[in-house]
> 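Provided herewith is a single structure, encoded as structure tokens, for subsequent inquiry.
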Amino acid sequence: MPLKDVYVHIDLKKPITRNQFGFPCIIGIDPNGAGMAYREYRDLDTVLNDYDDQTLEYLKARAIFGQDLPPEKVAIVNAPTAADLIETLAGIYDLGWYHLVSAITTEPEITALADEIEYRGVKNLFLASDDKTMIETLRDKGYERTAMFYHPIVTEHPEAAWLGESAGKPIGSLTWKFKHLKGISPIKLTETELADIHALGANCYVTKMGDNVTSEGKMLSGEYIDIIQSKDAVQFDIEYRVQKLLNRSPKIPYDHNGISLIAAEVQTSLNQFHRQGMIAEDDDKNPMYSVTPGTRAEQADTDRANRIYRGCSFHFFLAGAIHEVRINGVIEV
């Protein structure tokens, strides 16, 4: 983990009844057993310097870069063998990527990746499969950080295209449903068949009113992808801003002056996420968040002695997104 002095804990409370956040990383296994070091690529031509145009690594990068507004870069890394896969992932985990794409198709290795992502947190894994039994097996594990794309033509790499269309956008500015994907064939499904795929925790690509769009935007657990992103982005941004405050200041006094400086950084972060569309507005167009800085007197004596301040908290309402509309009407004659 990176060295830091700021730790943000967020509880995601749901009712009962930096503009871009990281970039995709493609992970594979070298068929020659040598491995390929982590590298970041800004276009397909540079990918070709390291990977043949028939490799899964190249094809997934092509699907990402082939969308209208893709992320500005993509990372690729290859483990020497399947036995080295998790060690390879651990070695790159603290680098700047956020979404992991698997250029591996075997179920044991895919499950190992999902397990590792779930254990470590902070990042997400995107997969595609035409095997409903495998999808169900992964769904039953309750992964909150793995998104699955069901598609009968996995060689089109729909999960990579989905990332290419969505991952470069500011967090909070979009939902992962209703996305148009270049190079991906829509599949024909009845409403019952689509509901069955959604029940598996998977997403797919369908035609609605003549438009080809992604059918949902959820993780295998059923949580919305943008909610997981929002939680991660807020945590990172506040930690970053407050750490930078500590780094650049001669000292932050343990009184109302220093506490106010910390609270101001938290408020600045939340204002930014409100502008990006993450935080909801009330009817008067005010952002629906609050920042509560506890006073010096409210902190434990031992914390003051050890120079630890735990008193700042915040709360906000996610703007979320509308995924379904039901309208009632009356006609009189």
> Does a side-chain heavy-atom distance below 4.5 Å link V47 with V74?
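Side chain of V47 against side chain of V74, heavy atoms only: no contact under 4.5 Å found.
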> List in chain and number order the residues that pass side-chain contact (heavy atoms from CB on, under 4.5 Å) with A300, two or more places apart in sequence or in another chain; answer none if no residue qualifies.
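Testing A300 for side-chain contact (heavy atoms from CB on, under 4.5 Å), a comparison that skips the adjacent residues, returns T302, D303.
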> Is it true that the side chains of N203 and T214 contain a donor and an acceptor less than 3.5 Å apart?
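No, no side-chain donor-acceptor pair sits under 3.5 Å.
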> In terms of hydrophobic clusters joined by side-chain contacts under 4.5 Å, are L69 and L163 together?
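L69 does not cluster with L163.
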> For K208, is the NZ atom crowded, meaning more than 12 foreign heavy atoms sit under 6.0 Å from it?
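Enclosed: over 12 neighbouring heavy atoms sit under 6.0 Å from NZ of K208.
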> For R139 and A199, indicate whether the former's side chain and the latter's backbone hold a donor-acceptor pair under 3.5 Å.
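Yes; judged by distance alone, with no hydrogens or angles, the pair exists.
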> Checking E144 side chain against E118 main chain: does a donor-acceptor pair fall under 3.5 Å?
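Checked: no pair found.
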> Would you check if P287 and L270 make a side-chain contact, meaning some heavy-atom pair closer than 4.5 Å?
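Not touching, per the 4.5 Å side-chain cut-off.
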> Which heavy-atom pair separates Y38 from C25 by the least distance, and what is that distance?
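Minimum heavy-atom separation between Y38 and C25: CE1-SG, 4.2 Å.
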> Just by distance, no angles: are the side chains of T81 and D84 close enough, under 3.5 Å, to form a donor-acceptor pair?
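Checked: T81/D84 side chains pair up, N/O donor to acceptor below 3.5 Å.
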> F273 and A233: which non-hydrogen atoms are nearest, and at how many Å?
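Shortest heavy-atom contact: CZ-O, 3.6 Å.
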> Taking 4.0 angstrom as the limit, do R304 and D301 come out as a salt bridge?
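A salt bridge links R304 with D301.
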> Is it true that the NZ or CZ of K123 lies under 6.0 Å from the centre of Y98's six-membered ring and within 45 degrees of the ring axis?
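Judged by the rule (NZ or CZ under 6.0 Å from the ring centre, within 45° of its axis), K123 is not positioned above Y98.
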> Under the side chain to side chain donor-acceptor pair (under 3.5 Å) rule, what do T46 and D43 come out as? Steps first, then yes or no, please.
CA-CA 6 Å; T46 53; D43 55 55; 3.2 Å; yes
> Under a 3.5 Å threshold, yes or no: a donor from one side chain and an acceptor from the other, between N78 and E57?
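A pair is found: one side chain offers a donor N or O, the other an acceptor, under 3.5 Å apart.
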> A side-chain contact here means heavy atoms from C-beta on lying under 4.5 Å apart; do S230 and L318 qualify?
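Result yes, sub-4.5 Å side-chain heavy-atom pair found.
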> So, taking the atom named OG1 in T190 and the one named CG in L194, what distance separates them when rounded to the nearest 0.5 Å?
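The distance works out to 8.0 Å.
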> Measure from the side-chain N and O atoms of Y205 to the backbone N and O of L181, and report whether any donor-acceptor pair falls under 3.5 Å.
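Pair found, side chain donor or acceptor close to backbone of L181.
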> Side chains of M278 and I171: closer than 4.5 Å at any heavy-atom pair?
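Yes - at least one pair of side-chain heavy atoms lies under 4.5 Å apart.
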> How close do T207 and P186 get, heavy atom to heavy atom, and via which atoms?
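Closest heavy-atom pair between T207 and P186: OG1-CB, 3.5 Å.
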> Under 4.5 Å between side-chain heavy atoms, counting indirect links through other Ile/Leu/Val/Met/Phe/Trp/Tyr residues: same cluster for Y150 and I153 or not?
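Different hydrophobic clusters.
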> For the pair D237 (side chain) and Y240 (backbone), establish whether a donor and an acceptor sit closer than 3.5 Å, ignoring hydrogens and angles.
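Flag not set: sc D237 to bb Y240 has no pair under 3.5 Å.
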> Where do I117 and Y93 land on the side-chain contact (heavy atoms from CB on, under 4.5 Å) test, with the steps shown first?
CA-CA 9 Å; I117 291 286; Y93 213 86; 3.6 Å; yes
> With no hydrogens and no angle check, is any side-chain donor or acceptor of S173 less than 3.5 Å from a backbone partner on G277?
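Not at all, since once roles are kept as given, no pair shorter than 3.5 Å links the two residues.
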> With a 3.5 Å distance limit and no angle check, can you tell me whether R145 reaches the backbone of G121 through a side-chain donor-acceptor pair?
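It does not hold such a pair.
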> Run the side-chain contact (heavy atoms from CB on, under 4.5 Å) test on E223 and K231 for me, step by step, so that the C-alpha distance in whole Å, both residues' side-chain angles and the decisive distance to 0.1 Å come before the verdict.
CA-CA 12 Å; E223 185 56 273; K231 179 178 180 291; over 6 Å; no
> Just by modelled atom types, is the W162 backbone N or O under 3.5 Å from a matching donor or acceptor in the W176 side chain?
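Not at all, since once roles are kept as given, no pair shorter than 3.5 Å links the two residues.
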> More than 12 foreign heavy atoms under 6.0 Å from CZ of R307: is that the case here?
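Result for CZ/R307: open.
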> For the residue pair P170 and Q276, what are the closest heavy atoms and their distance?
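Between these two residues, the closest heavy atoms are CB-NE2, 3.9 Å.
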> Examine distances only and state if a side-chain atom of T137 and a backbone atom of T133 form a donor-acceptor pair shorter than 3.5 Å.
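Checking the backbone N and O of T133 against the side chain of T137, a donor-acceptor pair under 3.5 Å is found.
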> What I'd like to find out is whether the side chain of I76 reaches to under 4.5 Å of the side chain of D50, using heavy atoms alone.
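No - every pair of side-chain heavy atoms lies 4.5 Å or more apart.
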> Donor-acceptor pairs under 3.5 Å, side chain of residues 59-67 to any protein atom, not counting sequence neighbours: which ones?
{"residue": "K60", "atom": "NZ", "partner": "H157", "partner atom": "ND1", "Å": "3.0"}
{"residue": "K60", "atom": "NZ", "partner": "E159", "partner atom": "OE2", "Å": "2.6"}
{"residue": "Q67", "atom": "OE1", "partner": "K182", "partner atom": "N", "Å": "2.8"}
{"residue": "Q67", "atom": "NE2", "partner": "A63", "partner atom": "O", "Å": "3.0"}
{"residue": "Q67", "atom": "NE2", "partner": "K182", "partner atom": "O", "Å": "3.1"}

> What's the spacing between L261 CG and S249 OG if we round to 0.5 Å?
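Here the rounded value is 6.5 Å.
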> Flag yes if V154 and L200 sit in one hydrophobic cluster, no otherwise; membership is Ile, Leu, Val, Met, Phe, Trp, Tyr, and two members link when side-chain heavy atoms are under 4.5 Å apart.
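Different clusters.
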> Shortest non-hydrogen contact from P71 to G164?
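Result for this residue pair: CD-O, 3.6 Å.
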> Determine whether a donor-acceptor pair (N or O, by modelled atom type, separation under 3.5 Å) exists between the side chain of S102 and the backbone of I104.
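Yes, S102 side chain to I104 backbone: donor-acceptor pair under 3.5 Å.
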> Could you go through D226 and L174, starting from their C-alpha distance and side-chain angles, then the distance that decides it, and tell me whether this counts as side-chain contact (heavy atoms from CB on, under 4.5 Å)?
CA-CA 7 Å; D226 59 288; L174 81 160; over 6 Å; no
> Write down the atom of S215, the atom of V206, and the distance for their closest heavy-atom approach.
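Heavy atoms only, the tightest pair is CB-CG2, 4.1 Å.
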> Do V213 and L189 share a hydrophobic cluster, counting only Ile, Leu, Val, Met, Phe, Trp and Tyr and linking them when any side-chain heavy atoms are less than 4.5 Å apart?
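No, it is not one cluster - the side chains of V213 and L189 are not joined through contacts under 4.5 Å.
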> Treat each ILVMFWY residue as a node, draw an edge where side-chain heavy atoms are under 4.5 Å apart, and state whether Y41 and L48 are in one component.
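Yes, because Y41 and L48 connect within a single hydrophobic cluster, where side-chain heavy atoms sit under 4.5 Å apart.
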> Kindly state whether the ring of F178 and the ring of H180 have centres lying under 6.0 angstrom apart.
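Here the rings of H180 and F178 have centres that are no less than 6.0 Å from each other.
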> Any side-chain heavy atom of T105 sitting closer than 4.5 Å to one from L56?
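Yes, close enough: below the 4.5 Å cut-off.
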> List the steps, then state whether side-chain contact (heavy atoms from CB on, under 4.5 Å) holds for Y289 with Q267.
CA-CA 9 Å; Y289 76 79; Q267 185 166 351; 3.1 Å; yes
> For residues Y143 and T111, determine if any side-chain heavy atom of one lies less than 4.5 Å from a side-chain heavy atom of the other.
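Result yes, sub-4.5 Å side-chain heavy-atom pair found.
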> Do other residues, nucleotides or ligands put more than 12 heavy atoms under 6.0 Å from the CZ atom of R120?
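Yes.
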> Less than 4.5 Å apart, side chain to side chain, heavy atoms only: is that true for M148 and T146?
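No. Closest side-chain heavy atoms not under 4.5 Å.
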> Between K179 and E165 (salt bridge meaning N to carboxylate O under 4.0 Å), is one present in this structure?
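Salt bridge flag = no for E165 with K179.
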> Checking D284 side chain against N286 main chain: does a donor-acceptor pair fall under 3.5 Å?
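No; judged by distance alone, with no hydrogens or angles, the pair does not exist.
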> Do the ring planes of Y224 and H323 sit parallel (below 30°), tilted (30 to 60°) or perpendicular (above 60°)?
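Taking H323 first and then Y224, their aromatic rings stand perpendicular (interplane angle over 60°).
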> Please verify the inter-ring angle class for F317 with H315; under 30° counts as parallel, over 60° as perpendicular, anything in between as tilted.
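Plane angle over 60°, so perpendicular.
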